[in-house]
Asks: 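Here it is: the structure, laid out below.
Chain letters run A, B, ... following the sequence lines, proteins first and then strands; every chain starts at 1.
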2 protein chains.
Amino acid sequence: MDRVAVDRVATIRDVAARAGVSIATVSRVLNGSGNATPETMAKVRAAASDLSFRPSTIGRSLKAARTRTVGVLVPSLTNPVFAESVAGIQDAAAEAGYSVLIASTDYDPARESRAIEGLLSNRVEGLVLTVADADRSGSLDTLDEVRLPYVLAYNQPERAPRAHVSVDNVAASRAVVERMAALGHRRIGMIVGRFRQSDRSRRRHAGWLAALADAGLQPGPVVEVDFNELRLAHRLAPLLEGPERPTALFASNDMLALATIRALRDLGLRVPDDVSVCGFDGIEVGRLMAPSLATLVQPARAMGATAFECLRTGFSGELQGRAVMLPFTLRPGESLGAAPSKST
Amino acid sequence: MDRVAVDRVATIRDVAARAGVSIATVSRVLNGSGNATPETMAKVRAAASDLSFRPSTIGRSLKAARTRTVGVLVPSLTNPVFAESVAGIQDAAAEAGYSVLIASTDYDPARESRAIEGLLSNRVEGLVLTVADADRSGSLDTLDEVRLPYVLAYNQPERAPRAHVSVDNVAASRAVVERMAALGHRRIGMIVGRFRQSDRSRRRHAGWLAALADAGLQPGPVVEVDFNELRLAHRLAPLLEGPERPTALFASNDMLALATIRALRDLGLRVPDDVSVCGFDGIEVGRLMAPSLATLVQPARAMGATAFECLRTGFSGELQGRAVMLPFTLRPGESLGAAPSKST
DNA sequence: AGGCCGGATGGAAACGTTTCCATTCTTCAC
DNA sequence: GTGAAGAATGGAAACGTTTCCATCCGGCCT
């Protein structure tokens with residue numbers, strides 16, 4: 001950043017000098033703490049406004065040991081589901097007078113811990129974050145060590161008692177599978193993001209398995225893919241050959257669902273006539289495409305806002321491990337139709 | 001945020017005490033400035049690590065009058081094109097050891113100025129931002145007044161000499177129209193975001209007009225819509241009636257293009273057989289949908305990264321008003337095809 | 001041997017706030 | 001008229017760093 005001769009920003013001392021009072025008085029007037037003569041108040045306010053004085057939060061933070069800043073850590077900003085939850089956090093934070101320091105990791109553990117270090121150095125008061133695996137995460141261990149409040153978003157730890165806001169991924173997955181079964185599908189496959197990189201993937205897969213069992217169905221094929229792998233045709237081709245191919249595919253998130261639909265089309269299959277597809281997340285663009293994407297909707301914006309609110313109201317300090325489950329809904333869409341009648 | 005009894009974080013004084021040296025020495029060792037005996041260095045490092053000491057950036061900032069923080073202001077995080085540029089900024093910033101403070105405005109001027117105030121109070125060293133209208137913006141005036149370096153992203157001011165990184169919107173628009181004309185389209189309409197809310201809209205519209213004139217074509221209908229208006233059928237219906245309806249529609253951004261395609265389908269028209277559609281931005285999901293979206297691709301990630309780099313290397317201080325134009329490309333897609341032969 | 005140089009280290013100031021405490025002044029009750 | 005209460009205000013410390021300056025020391029040159 002350039003260090004050109006910028007006229008130094010006004011400090012509280014400048015205001016005090018101009019108003020002819022002490023800095024203590026300026027502080028009191030501007031913060032509305034303590035009393036002051038109407039004339040004094042007027043003088044101070046005038047001086048502050050003349051100099052367009054903006055109290056330095058860094059001076060303030062140093063004294064008060066409170067930064068009014070939260071950190072946000074997401075795997076990726078380009079996945080709409082994260083972008084939207086960040087938007088939710090941002091809204092809630094702005095509302096509450098908090099600033100938001102952001103970092104993204106690109107699913108890279110090294111970047112993740114560097115980012116955490118940075119946020120820690122910046123003395124954020126708390127963190128809203130989404131990690132790969134909430135049950136074993138070096139970053140979360142670090143946060144536990146330093147006792148910094150945090151709330152997970154999307155993550156749903158299985159064992160570790162960590163505060164989080166999410167949907168019930170297992171139940172949500174079941175809802176999808178039940179819907180598919182109700183539509184006559186008997187061979188239901190799943191496209192999942194790498195299990196190692198996502199506890200969500202695992203839970204959603206578990207729900208899929210459980211619902212299939214309940215319905216008396218054999219699990220269809222499972223394809224595990226990388227999160228930024230968007231060309232899936234060659235991965236899907238093998239399992240779509242022959243008469244026994246699945247009639248429905250459940251993708252563990254919407255980006256994968258879109259990629260899946262794309263791949264199916266590339267392979268000459270029609271959606272939903274030949275194969276139905278349902279996603280998970282409820283990203284907005286899903287409504288716009290053709291066929292529109294059937295998906296399990298998580299309230300992403302509310303997820304972010306709620307997570308921030310939890311942080312702010314401090315539940316994560318004493319109430320370690322509390323969880324908030326948000327409601328999900330199944331959004332119908334053209335990509336999910338009845339099973340082809342010819343197949344059995 | 002809760003104020004539970006968190007064991008106070010270690011300060012440089014704690015480290016100094018544990019290492020049996022002065023705080024000056026600790027600072028020097030940890031920053032690699034000044035000399036020190038190997039033993040001293042070892043002692044200090046050990047103490048720092050034992051206490052997991054993380055220097056407070058706020059103490060540091062106060063002293064150094066440098067925060068190593070940049071602010072980012074975007075209209076919306078949920079528009080992928082902004083999310084991606086933020087990702088670019090974030091990457092470049094992390095690389096350079098900068099933190100990123102984020103704010104979004106939802107196209108609301110009041111929120112915008114509040115956000116700017118907040119960033120100013122946080123003493124960001126500079127700002128990367130996208131505003132509604134770069135030629136008249138209260139927020140930018142404020143920044144000019146306080147002489148805070150900033151670089152606009154996406155904005156392309158027409159008169160005001162403000163530093164910015166963008167594509168040549170007019171030329172880009174022309175490229176789209178020329179392509180449409182080459183495909184035989186003669187009646188080309190445009191769907192634009194509110195002119196008041198976007199200088200991009202205006203420039204792209206201008207390019208469209210100019211290219212049509214050059215091609216000897218009459219301008220088709222123009223529909224101005226709100227940015228978060230995603231149900232467009234009722235807006236588009238009027239201009240699609242009769243034999244004189246446009247055979248191609250150019251949307252001033254990809255979200256609008258998707259909404260347009262959706263609306264056309266809802267109105268019973270096929271894309272591209274009846275009407276072709278081309279967007280502007282190059283968002284990633286466009287490749288995944290069916291039909292895949294033809295669009296004018298801006299290098300969003302590079303836009304963000306470049307803007308940050310400009311800021312960092314300080315060009316915006318002395319070189320007020322410098323502009324960087326990034327290259328654009330036309331990404332073909334199934335949504336843009338040849339004009340229907342029956343129409344003339 | 002004495003003076004000097006330079007390396008290692010510590011003391012203290014400064015950055016911009018908030019806030020405790022002390023001081024001055026007004027006002028009111030007796 | 002005196003004392004006390006309370007309002008208005010200022011002085012100064014504290015927060016966690018960095019960095020200037022001073023001090024101390026050993027060793028080298030002459």
Asks: Please determine whether any donor N or O and acceptor N or O are separated by less than 3.5 Å between the side chain of Arg54(B) and the base of dG16(D).
Replies: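 Donor-acceptor pair under 3.5 Å: no.
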
Asks: To the nearest Å, how far apart are Arg123(B) CZ and dC15(C) C1'?
Replies: 12 Å

Asks: Measuring to OP1 and OP2 of dG16(C), would you say a side-chain N or O of Arg60(A) lies under 4.0 angstrom away?
Replies: no

Asks: Please report, rounded to the nearest Å, how far the C1' atom of dC15(D) is from the CG atom of Leu62(A).
Replies: 4 Å

Asks: So what does Thr40(A) hit on the nucleic acid, given a heavy-atom distance under 4.0 Å: a base, only sugar-phosphate, or nothing?
Replies: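 Counting heavy atoms under 4.0 Å across all strands, the contact made by Thr40(A) is with sugar-phosphate only.
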
Asks: Regarding Ile23(B), tell me which of base, sugar-phosphate or nothing describes its non-hydrogen contacts under 4.0 Å with the strands shown.
Replies: base

Asks: For Thr67(A), does its backbone N or O pair with a side-chain atom of Thr69(A) as donor and acceptor, under 3.5 Å?
Replies: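 Side chain of Thr69(A) to backbone of Thr67(A): a pair is present.
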
Asks: Could you state the NZ-P distance from Lys63(B) to dT17(C), rounded to the nearest angstrom?
Replies: 16 Å

Asks: CZ of Arg66(B) versus C1' of dT17(D): gap in Å, rounded?
Replies: 15 Å

Asks: What nucleic acid atoms does Thr37(A) come within less than 4.0 Å of, heavy atoms only: base, sugar-phosphate, or nothing?
Replies: sugar-phosphate

Asks: Please report, rounded to the nearest Å, how far the C1' atom of dT18(C) is from the CG atom of Leu30(A).
Replies: 12 Å

Asks: Starting at atom CZ of Arg13(B), determine the distance to atom C1' of dT17(D), rounded to an integer number of angstrom.
Replies: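 Distance, rounded to whole Å: 9 Å.
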
Asks: Under 4.0 Å, counting only non-hydrogen atoms across every strand here, what does Ser27(A) touch: a base, just sugar-phosphate, or nothing?
Replies: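 Here Ser27(A) touches the bases of the nucleic acid.
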
Asks: Could you tell me how the ring of Tyr107(B) sits relative to the ring of Phe227(B): parallel (under 30°), tilted (30 to 60°) or perpendicular (over 60°)?
Replies: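 If you compare the ring of Tyr107(B) with that of Phe227(B), the planes turn out parallel.
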
Asks: Which part of the nucleic acid does Ala24(B) contact within heavy-atom distance under 4.0 Å: base, sugar-phosphate only, or nothing?
Replies: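 It contacts base atoms.
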
Asks: CD of Glu39(A) versus P of dA8(D): gap in Å, rounded?
Replies: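 That distance rounds to 10 Å.
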
